[in-house]
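Have a look at the structure below, then the notes.
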Amino acid sequence: MKDCDLTVRIGKMALKNPVIVSSGTFGFGEEFEDFFDINHLGAIIPKGISLKPMMGNPPPRIFETEGGILNSIGLQNPGFQEFIKNKLPYYRNLKTHLIVNFFGNTQKEYIELARRFDNIPGISGLEINISCPNVKKGGIVFGTNPQMAYHLVQAVRKATTLTLIVKLSPNVTDIISMAKSAEEGGADAVSLVNTFRAMAVNIHSKKPELGNIIGGLSGPAIKPIALRMVWEVWQAVKIPIIGMGGIMSAEDAIEFILVGASAIQIGTANLINPKAGIEVIHGLRKHLIENKINHIEKLIGAFG
Ligand SMILES: Cc1cc2nc3c(=O)[nH]c(=O)nc-3n(C[C@H](O)[C@H](O)[C@H](O)COP(=O)(O)O)c2cc1C
């Protein structure tokens, strides 16, 4: 077998491959141009956008832990207007999908942003962040309550015709009911997981390592838990799942695909190896060819 088909479908989007770079870990994309041709990616998700610009949390905002990193960026971003004016034109020349990640402080703000993005050419899909652990409001109130998540997703669904992805928080006792709420509210897909609430202490200064004290843990340390959550959600919903959490290699990505992910996102790996995205794409192709699998879809949920 010489080649294989890596295309997958998420809502209305046909992705050339299932590899997406995750929000907050790939800047606005341009920063990675020197490392590889980012047009090869299945999709790009830039840093989460809010209605108004946000300054983020006090430093230090990143701390390396064993097998992962803690971050408390606090959703720093230039805000809707600046994003549309200065960042969006860049994506219009790319040959990959742009999925905009956004969040609001209130349901009204989520609806307002969804409506605004809906009319803008160059955007393929929306990922709503109802799961950031680093800001007081930043959506987490919606991300931990299935009823509130359902109402929010339903309202956002009415405000946009774009592919709607709901990004779930792992900081819940029951990830299945959160995913079901998103599905019942009208989401085209769910993505999981965001980071786990976590902290680190400096024993000499007796102070926290992060300015915000608590941050979000990502990277290989969270992979087995993220994988378990994707597997649980796969058994409970019919909409596609985008899996993430500690994916560093094509092998990691395949694990997520086998337990039910139609696509995957690469986050922390981008900060360690800026070529992680393209390497995972090459690795997936190699795995399929070596195992004589003609289409990646044959691996989705093939576990067990
Ligand atoms: C520095 C940093 C910033 C992040 N910013 C966002 C963000 O703005 N919006 C969002 O939905 N997720 C954000 N995330 C979460 C990632 O997109 C991803 O869900 C998480 O890191 C788990 O994947 P990973 O283990 O591959 O990094 C951020 C993660 C990191 C490390």
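Order of appearance sets the numbers: ligands from 1, and atoms from 1 within every ligand.
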For this session: Can you figure out which of I272, I20, N71 has its heavy atom closest to atom 31 (C) of ligand 1?
Result: N71
For this session: Please identify which atoms of ligand 1 are closer than 4.0 Å to at least one heavy atom of S218.
Result: 21 (O), 25 (O), 27 (O), 31 (C)
For this session: Using only heavy-atom distances, determine whether the side chains of T144 and N171 contain a donor-acceptor pair under 3.5 Å.
Result: no
Exercise. Looking at side-chain heavy atoms only, is the closest gap between I257 and I264 below 4.5 Å?
Worked result: yes
For this session: Anything under 30° is parallel, anything over 60° is perpendicular, the rest tilted; go ahead and classify F303 against W231.
Result: perpendicular
Problem set entry | N/O separation below 3.5 Å, M244 to ligand 1 | no
Exercise. Are the side chains of L70 and I214 in touch, meaning some heavy atoms are under 4.5 Å apart?
Worked result: no
Exercise. Is there a donor-acceptor contact under 3.5 Å linking the side chains of T163 and D188?
Worked result: no
For this session: Using only heavy-atom distances, determine whether the side chains of N294 and K298 contain a donor-acceptor pair under 3.5 Å.
Result: yes
Exercise. Any N or O of T268 that comes nearer than 3.5 Å to an N or O of ligand 1?
Worked result: yes
For this session: Indicate, as side chain, backbone, both or neither, the part of L75 found under 4.0 angstrom from ligand 1 when only non-hydrogen atoms are considered.
Result: side chain
Problem set entry | Test of proximity, T195 against ligand 1: N or O pairs below 3.5 Å | no
For this session: Using a strict 4.0 Å cut-off to heavy atoms of G48, name the atoms of ligand 1 that fall inside it.
Result: 8 (O)
Problem set entry | Ring centers of F28, Y90 separated by less than 6.0 Å | no
Exercise. Going by distance only, is there an N or O of T25 that falls short of 3.5 Å from an N or O of ligand 1?
Worked result: no
Exercise. Could D252 and K223 be called an ion pair, given the rule that one side-chain N must be under 4.0 Å from one carboxylate O?
Worked result: yes
For this session: Could you list which atoms of ligand 1 come closer than 4.0 Å to a heavy atom of I222?
Result: 25 (O)
Problem set entry | For N194, atoms of ligand 1 separated by under 4.0 Å from a heavy atom | 10 (C), 11 (O), 12 (N), 15 (C), 19 (O)
Exercise. For ligand 1, which atoms sit closer than 4.0 Å to a heavy atom of G245?
Worked result: 23 (O), 25 (O)
Problem set entry | Centroid separation F80 to F102 less than 6.0 Å | no
For this session: With atom 13 (C) of ligand 1 as the reference point, say which of S23, G56, S191, G24 has the nearest heavy atom.
Result: S23
For this session: Ignoring angles and geometry beyond distance, decide whether G219 reaches within less than 3.5 Å of ligand 1 through its nitrogen or oxygen atoms.
Result: yes
Exercise. Does the side chain of R115 reach to within under 4.5 Å of the side chain of K158, using non-hydrogen atoms?
Worked result: no
For this session: Decide whether Y150 and E183 meet the rule of one side-chain donor and one side-chain acceptor closer than 3.5 Å.
Result: no
For this session: Could you name the option among Q76, M54, K47, K167 that has the heavy atom nearest to atom 19 (O) of ligand 1?
Result: K167
Exercise. Who passes side chain to side chain donor-acceptor pair (under 3.5 Å) against R116, sequence neighbours left out?
Worked result: E112
Seminar exercise, completed: Honestly, for N101 the part within reach of ligand 1 (heavy atoms, under 4.0 Å) is side chain
For this session: State whether the shortest distance between N or O atoms of G246 and N or O atoms of ligand 1 falls below 3.5 angstrom.
Result: yes
For this session: Using distance alone, determine whether V193 and ligand 1 share an N or O pair under 3.5 Å.
Result: yes
For this session: Check if A269 has a non-hydrogen atom at a distance under 4.0 Å from any atom of ligand 1.
Result: no
Exercise. For ligand 1, is any non-hydrogen atom under 4.0 Å from N129's backbone (N, CA, C, O), its side chain (CB onward), both, or neither?
Worked result: side chain
